Amino acid sequence: MKRLLYLMLLALLVSCSGPGKENAYVENVKGKKPNIVVIYVDDLGYGDLGSYGAKGVETPNVDRLAREGVRFTDAHSTAATCTPSRFSLLTGKHAFRNEAAILPGDAPLLIRPGTPTIAGMLQKAGYKTGVVGKWHLGLGDGSINWNDSIAPGPNEIGFDYSFLIPATGDRVPTVYTENHRVVGLDPNDPILVSYAGKVGNEPTGLSHPDLLSMKADTQHSQTIINGVSRIGYMAGGKAARWKDEDFPDVLTQKARTFISKNKDNPFFLYFSFHDIHVPRIIHPRFAGKSSMGPRGDAIVQMDWVTGEIMKALEKAGVADNTLIIFTSDNGPVLDDGYADQAVELLGDHDPFGSFRGGKYSAYEAGTRVPTITYWPGVIKPGVNNALVSQIDLFASLAALAGQELEEGDAPDSENMLQTWLGHSGKGRETLIEEAFVLALRAGDWKYIAPGSRVPDWMKNKDIDGGVMLKPQLFNLKQDVREEKNVAAANPEKVKEMQRILQEIVDKGGRAKAL
């Protein structure tokens with residue numbers, strides 16, 4: 001009877017609308033603010049889950065979220081690469097406003113202290129906040145001493161707790177940091193890191209290819225650690241170095257501990273996977289669990305970790321009062337620098353979900369990613385076709401937590417809470433997709449601005465980046481594969497889309513030439 005009354009009241013409240021009322025309802029019925037867990041997978045494509053049509057790999061835990069929650073069909077990361085999409089998710093601001101790009105492993109903190117973030121906003125609302133996993137948003141002020149206190153970092157921009165892979169698995173330093181320190185560092189073996197030139201005497205992938213457990217391209221052929229050559233050079237810190245295959249156990253345990261420690265408080269956990277990013281070094285218990293080699297096995301590994309987080313919430317007794325948002329930072333890529341047979345063993349599986357492009361691309365597969373929201377008793381199972389963006393999580397979660405945004409906070413974020421909760425099918429009117437050029441979605445139309453700049457390393461990715469000297473226009477209702485450029489036949493629509501895009505860009509006070 002209580003649950004029936006609960007759902008009836010929820011329906012009544014949603015029909016009345018208004019972020020304050022939504023939050024008051026949640027607090028009154030639940031007795032406290034809901035916990036929020038964002039599960040952020042790396043390089044997971046639209047078609048990489050069973051619930052989105054995957055073949056050759058099973059994902060029962062994530063499929064349960066999709067079956068019992070809302071599965072979105074037109075949800076987007078804000079950018080087709082990792083650093084920009086993470087920046088935008090946490091700040092509610094388009095990454096191009098900060099000239100954000102893929103960062104080296106020794107870059108300074110991109111989100112500067114004082115910048116409003118989801119974590120900081122939720123701190124003000126009484127939440128305990130934590131980040132576990134891949135960071136790749138920079139640390140420090142530009143000259144990091146990895147042997148001392150490392151700041152500023154997540155703890156200076158709203159997170160009470162952080163346990164990080166500082167950059168990516170294919171970049172040095174290959175160590176964990178917990179709050180402000182490298183974990184397990186021997187002070188008698190200090191860490192040296194350089195992206196400018198070789199440090200120390202350790203072998204590289206180019207000098208000692210015989211030491212590699214997995215061959216790599218030239219970009220990924222610098223210092224060898226754990227049998228894998230990386231981007232960048234590193235010496236020292238041997239006691240602190242991770243083993244890639246331990247990621248699922250180490251990161252999952254940190255998430256479990258954070259949930260258990262904060263079960264009596266409202267908490268926000270940003271769990272940021274390394275999977276399924278390269279190098280795909282799988283824990284032995286997941287090896288061979290798919291038909292696609294390491295990339296498929298990494299998806300299985302990711303699914304197991306997701307299941308363990310769900311179990312941790314249930315064990316802590318907070319599962320029914322937790323909103324889970326499951327999504328990916330950008331679209332998929334197969335060969336991303338390591339010879340792991342991702343192309344050769346693909347079989348009938350389509351990670352791109354029949355869309356054009358992929359990671360790095362302005363076409364749909366660059367940012368259209370699997371996205372699921374789950375909250376027992378609040379979110380009803382269903383499929384939602386609304387156009388939604390991760391950039392709106394800031395304003396939407398602020399509404400859920402009852403926090404008023406100050407002027408200038410999250411300037412590109414819209415309150416789409418009712419859509420995220422599955423109570424509305426209304427999506428965004430316009431949405432920017434950021435790659436090496438900017439693209440604009442508006443209704444059935446997709447416009448890609450002209451451009452010419454593509455980094456040299458993209459030549460090895462076998463991905464259609466969508467960069468052309470002429471404008472591109474597609475009607476996605478008629479041409480979801482973006483195969484027929486109708487810009488020449490629709491000059492007025494091109495002008496309209498370009499005007500809208502430029503207005504959005506100019507809104508932030510820093511225009512980018514289109």
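No experiment lies behind these values; they were computed from the predicted model shown.
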**Message:** Measuring centre to centre across the rings, with the benzene-like ring taken for any Trp, is Phe355 within less than 6.0 Å of Tyr46?
**Reply:** yes

**Request:** State yes or no: are the ring centers of Tyr176 and Phe163 separated by less than 6.0 Å?
**Result:** yes

**Asked** For Asp186 and Lys238, what are the C-alpha separation, side-chain angles and deciding distance, and is it a salt bridge (Lys or Arg N to Asp or Glu O under 4.0 Å)?
**Response** CA-CA 8 Å; Asp186 179 355; Lys238 292 185 177 179; over 6 Å; no

Can you check whether [X] reaches [Y] side chain to side chain, under 4.5 Å on heavy atoms?
X	Y	answer
Leu438	Ile448	no
Ile225	Val172	yes
Tyr40	Phe326	no
Ile157	Leu109	yes

Could you tell me whether the side chains of [X] and [Y] share a donor-acceptor contact shorter than 3.5 Å?
X	Y	answer
Gln502	Asp506	yes
Glu245	Asn226	yes
Tyr447	Glu496	no
His76	Glu434	no
Glu178	Tyr161	yes
Ser272	Arg86	yes
Ser85	Ser77	no
His277	Asp275	no
Asp464	Ser361	no
Thr367	Glu433	yes
Gln403	Tyr127	no

**Sole residue of Lys446, Gln472, Arg368 in side chain to side chain donor-acceptor pair (under 3.5 Å) with Tyr363** = Gln472

**Request:** With Thr129 as reference, evaluate Asp160, Asn262, Thr117 under the side chain to side chain donor-acceptor pair (under 3.5 Å) test and give the passing residue.
**Result:** Asp160

**Prompt:** For Lys254 and Leu269, what are the C-alpha separation, side-chain angles and deciding distance, and is it a side-chain contact (heavy atoms from CB on, under 4.5 Å)?
**Reply:** CA-CA 11 Å; Lys254 294 298 178 181; Leu269 173 61; over 6 Å; no

**Message:** Is it the case that over 12 heavy atoms from other parts of the model lie below 6.0 angstrom from the CG atom of Asp462?
**Reply:** no

**Item:** Test side-chain contact (heavy atoms from CB on, under 4.5 Å) applied to Met234 and Leu192, step by step
**Value:** CA-CA 6 Å; Met234 177 178 175; Leu192 291 175; over 6 Å; no

**Asked** Going by the angle between their ring planes, with limits at 30° and 60°, are Trp135 and Phe159 parallel, tilted or perpendicular?
**Response** perpendicular

**Request:** Give the ring-plane orientation class for Phe268 versus Tyr270, where under 30° counts as parallel, over 60° as perpendicular and anything between as tilted.
**Result:** parallel

**Message:** My understanding is that only residues two or more places apart in sequence, or in another chain, count here; which of them pass salt bridge (charged side-chain N to carboxylate O under 4.0 Å, His left out) with Asp336?
**Reply:** Lys359, Lys461

